[in-house]
Visitor: 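Mind having a look at this structure? Questions to follow.
Order of the sequence lines sets the chain letters (A, B, ...), proteins ahead of strands, with each chain counted from 1.
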Amino acid sequence: MQKKILDWFDLNKRCLPWRDQRTPYRVWISEIMLQQTRVETVIPYYQRWMTQFPDIRSLASADEQTVLKAWEGLGYYSRARSIYKTAGIILHEMNGVFPAERKTIEKLPGIGRYTAGAIASIAFGQPAAALDGNIRRVYSRIGDVALPARSTEGEKLLWRMAEDWLDRDRPGDYNEALMDLGALICTPLNPLCESCPVMSVCLAYRNQTVSQRPVLAAIKPIPHFMVTAAVIRRTGADPTAHYLLAQRPDKGLLANLWEFPGGKVEDGETLEECLRREIREELGAQAVIQAPFGKYKHAYTHFRVTLSAFLCELDREPQPLAAQAIQWVPVSALDQFPMGKIDRQIALRIQSL
DNA sequence: AAAACGTGGAG
DNA sequence: TCTCCAAGTTT
């Protein structure tokens, strides 16, 4: 099976930017960017990143805000903050040398079992197994695994398969081969079994259970929240327009990113009441609402929001009561502040005025 | 063990 | 419009 998969890989592997010059740094950055993220999404981010931060030293000497800005739009922003932390650790505690041992790699921030195995095998040629979404699907089908793939028992079995069946001579290529096989042939929907190099050993194919493998967990209902946000224009003699941004807490959703202040609508509250309450609580000021500034729908990982924005002014200078920091920002500088998708859309609308 | 954590694309 | 999910990790 390993030979069939590697022979297929040698003929069909994808040409991807991180597959040139396999330095540990390039493999590491690509692996983090690819966590839960499509290849096509990652490619332009990866190319910009390597221009902006060509090595660990340039990354470690940047500001976290600059790093988050480079990550803006990729999502799961703790990944960017972990990368930044890891760059500092490698530079200051490891003499600037990326560790080669899987166990050591796995101790670094943002690197779990999969990523440690991928880096160890791909960048260092070590016989370390990797189990990602693609490989999990491929092995669930080859072994016709009836256990839910993400259950404790299922994970145990699948990691065991990944360890036992790893090609010891070409571990990095083998792990990548399984991922390419999962991405190109053994796809979630409509897999191309007739073109698969391991069709003859695939138990799910034999048992006609391919479409039922892997066994997925039940999906939970996703709540939907109504939220408001204030686009606050600074009043006063200054002829240049400035708008107020607040920096989110350093933990949780969109940590350390900037946003237009606001919050969830509570029961029995109108949108305007919600906004005035939030501004009072977060900024210690009275909001004078002037006009609606658009509705924005957005789906996060585990909830959805409909955000109603309003153009406002304040009756006094705001205080950072809830945010880490607040800042009056000229329209031309809104670009430089890392934001999540929905706040970026609001910022773009301001810039189009 | 289960929940939190983003976004964009396909069907 | 809506669902599902795509190279997982952390708490």
Visitor: Measure CD/A:Q35 against C1'/B:dG6 and give the value in whole Å, please.
Guide: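 It works out to 13 Å between those atoms.
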
Visitor: Specify whether A:F98 and A:W28 have parallel, tilted or perpendicular ring planes, treating 30° as the upper limit for parallel and 60° as the lower limit for perpendicular.
Guide: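 Rings of A:F98 and A:W28: tilted, 30 to 60°.
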
Visitor: When you check the side-chain N and O atoms of A:S121 and A:R102, is any donor under 3.5 Å from an acceptor?
Guide: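 Not at all, the side chains of A:S121 and A:R102 share no donor-acceptor pair under 3.5 Å.
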
Visitor: Between A:E266 and A:R277, is there a salt bridge with N-O shorter than 4.0 Å?
Guide: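 Between A:E266 and A:R277 there is a salt bridge, with a charged N closer than 4.0 Å to a carboxylate O.
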
Visitor: Rounded off to whole Å, could you give me the CG-to-P distance for the A:D132 and C:dA6 pair?
Guide: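 It is 10 Å, rounded to the nearest whole Å.
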
Visitor: May I ask you to evaluate whether A:Y77 reaches the phosphate of B:dT7, defined as a side-chain N or O under 4.0 Å from OP1 or OP2?
Guide: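 For B:dT7, OP1/OP2 do have a side-chain N/O of A:Y77 under 4.0 Å.
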
Visitor: Find out whether the Lys NZ or Arg CZ of A:R113 is both under 6.0 angstrom from the six-membered ring centre of A:W159 and within 45° of the ring's axis.
Guide: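 Checked: cation-pi criterion met.
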
Visitor: Heavy atoms under 4.0 Å, any strand shown: does A:A255 hit a base, just sugar-phosphate, or nothing?
Guide: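 No contact.
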
Visitor: May I ask you to check whether A:Y45 and A:W49 place their ring centres under 6.0 Å from each other?
Guide: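 No, the ring of A:W49 stays outside the 6.0 Å limit from the ring of A:Y45, centre to centre.
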
Visitor: Expressed in angstrom and rounded to an integer, what is the separation of A:W71 atom CH2 from B:dT7 atom C1'?
Guide: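 Atom-to-atom, A:W71 to B:dT7, this comes out as 12 Å.
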
Visitor: So A:I135, base contact, sugar-phosphate only, or nothing? Heavy-atom distance under 4.0 Å.
Guide: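 A:I135: no heavy atom of the nucleic acid under 4.0 Å.
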
Visitor: Go through the side-chain N and O atoms of A:N256 and A:Q65 and say whether any donor and acceptor fall under 3.5 Å apart.
Guide: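 No, A:Q65 and A:N256 have no side-chain donor paired with an acceptor closer than 3.5 Å.
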
Visitor: Counting the atoms with a prime plus P, OP1 and OP2 as sugar-phosphate, which does A:G73 contact under 4.0 Å by heavy atoms, base, sugar-phosphate, or nothing?
Guide: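 Answer is sugar-phosphate: A:G73 comes under 4.0 Å of backbone atoms only.
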
Visitor: Nearest nucleotide by nearest heavy atom, which residue falls closer to the 5' end of DNA chain C, A:E31 or A:S82?
Guide: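 First, find each residue's nearest nucleotide; the 5'-ward one identifies A:E31.
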
Visitor: For A:I32, report the nucleic acid contact type (base, sugar-phosphate, nothing); a contact means any heavy atom under 4.0 Å.
Guide: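 No contact at all - A:I32 keeps every heavy atom at 4.0 Å or more from the nucleic acid.
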
Visitor: Return the 5'-most residue of the pair A:L257, A:L189 with respect to DNA chain B, ranking by each residue's nearest nucleotide.
Guide: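 Its nucleotide being nearer the 5' end, the pick is A:L257.
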
Visitor: For A:Y45 and B:dG9, give me the distance from atom OH to atom P, rounded to whole Å.
Guide: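 Rounded to the whole Å, the gap is 10 Å.
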
Visitor: Determine the interatomic distance between P on B:dC5 and the same-named atom on C:dA6; round to the nearest Å.
Guide: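 Nearest-Å result for B:dC5 against C:dA6 at atom P: 22 Å.
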
Visitor: Does any N or O donor sit under 3.5 Å from an N or O acceptor when you compare the side chain of A:T41 with the base of B:dG9?
Guide: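 Side chain to base: no pair below 3.5 Å.
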
Visitor: Could you state the CZ-C1' distance from A:R79 to B:dT7, rounded to the nearest angstrom?
Guide: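 That distance rounds to 9 Å.
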
Visitor: If I take atom NE2 in residue A:H298 and atom C1' in nucleotide B:dC5, what distance separates them, rounded to the nearest angstrom?
Guide: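 Rounding to the nearest Å, NE2 of A:H298 and C1' of B:dC5 are 12 Å apart.
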
Visitor: In terms of the nearest nucleotide of DNA chain B, which residue is placed more toward the 5' end: A:S78 or A:T152?
Guide: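 It is A:T152, whose closest nucleotide lies nearer the 5' terminus.
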
Visitor: Identify whether any heavy atom of A:V39 sits under 4.0 Å from a base atom; if not, whether one sits that close to sugar-phosphate; answer base, sugar-phosphate or nothing.
Guide: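 It contacts base atoms.
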
Visitor: Taking B:dG6 as the reference, what is the distance to C:dT11 when you measure between their P atoms (whole Å, please)?
Guide: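 About 13 Å, rounded to a whole number of Å.
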
Visitor: Could you tell me the separation between the CZ atom of A:R81 and the P atom of C:dG8, rounded to a whole number of Å?
Guide: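 Rounded to whole Å, this separation is 20 Å.
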
Visitor: Classify the side chain of A:T301 and the base of B:dG6 as holding, or not holding, a donor-acceptor pair under 3.5 Å.
Guide: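 Yes, a donor-acceptor pair under 3.5 Å.
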
Visitor: Rounding to a whole Å, what distance do you find between A:L34:CG and C:dG8:P?
Guide: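 From A:L34 CG to C:dG8 P: 8 Å.
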
Visitor: Have a look at A:T115 and say if it touches a base, only the backbone sugar-phosphate, or nothing, with a 4.0 Å heavy-atom cut-off.
Guide: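 The answer is sugar-phosphate, as A:T115 gets under 4.0 Å only of primed atoms, P, OP1 or OP2.
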
